[in-house]
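Side chains included, hydrogens not; waters and symmetry mates left out as well; all remaining heavy atoms used.
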Amino acid sequence: LTIAALRSLGCTLPVELWHDHDTALLASPRSRRGNNSVAAALSVAGDVILRDFWKTPGGDKLLGYMLTARALMHSSFAEVLFLDADNMPIEDPTPLFSEPQFVKTGAVIWPDATPNLRHMVKSVVSKILLQN
């Protein structure tokens, strides 16, 4: 969903999709074609590079929060915007790479949502969806 949201916002940045040895993503591109929801999603997502944590040293032993640091350390990109599965962009994030904070420090970091913030966001989104 996050990649689809990025593309719908006009974001053309390349994407690395890291997975934990997911069999649907390990299949060859040819076998992913057809009536497969993963194949359908990736076919419209544009420039997406699939990366398997298990192909990094010790990656098969990592769990949860440890995978974030591994993805950042082993990314093929010189500059990285990390969007966790529970992050949903509401505008194209491309300009973040030109922001003074990023240019100066090489990083822009925001905190993970707290349960109260998640509840507030769900409430606001629900109201917006009900209005449309």
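Put simply, the side chain of Phe53 does not reach to within 4.5 Å of the side chain of Asp60, judged on heavy atoms. Between Phe82 and Leu72, some side-chain heavy-atom pair lies under the 4.5 Å cut-off. Put simply, the side chain of Thr56 reaches to within 4.5 Å of the side chain of Trp18, judged on heavy atoms. For the pair Leu96/Glu79, no side-chain contact is recorded, criterion being any heavy-atom separation below 4.5 Å from C-beta on.
Within the model, atoms CG of Asp20 and CG of Leu62 stand 8.5 Å from one another, a figure rounded to the nearest 0.5 Å. Remark: Leu6 CG to Leu81 CG distance equals 7.5 Å, nearest 0.5 Å. Annotation: the span from Glu99 atom CD to Lys104 atom NZ amounts to 14.0 Å, rounded to 0.5 Å. Put simply, CG on Leu50 and CD on Glu16 are 10.0 Å apart, with the number rounded to the nearest 0.5 Å.
Nearest heavy-atom pair across Trp54 and Gly59 is CD1-O, 3.8 Å. The two residues Ala5 and Met88 come nearest to each other via the heavy atoms CB-SD, 3.5 Å. Summarising the geometry of Ala107 relative to Thr105, their closest heavy-atom pair is O-OG1, 2.8 Å, with the distance given to 0.1 Å. Between Thr94 and Cys11, the shortest heavy-atom contact is OG1-SG, 3.8 Å.
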Please assess Ile49 against Arg51 for the test side-chain contact (heavy atoms from CB on, under 4.5 Å), listing each intermediate value before the final yes or no.
CA-CA 6 Å; Ile49 303 164; Arg51 301 288 307 271; 3.8 Å; yes

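Taken together through direct or relayed side-chain contacts under 4.5 Å among Ile, Leu, Val, Met, Phe, Trp and Tyr, Leu83 and Phe102 form part of one hydrophobic cluster. Cluster annotation: Leu67 and Leu63 are assigned to the same hydrophobic cluster (Ile/Leu/Val/Met/Phe/Trp/Tyr, side-chain heavy-atom contacts under 4.5 Å, transitive).
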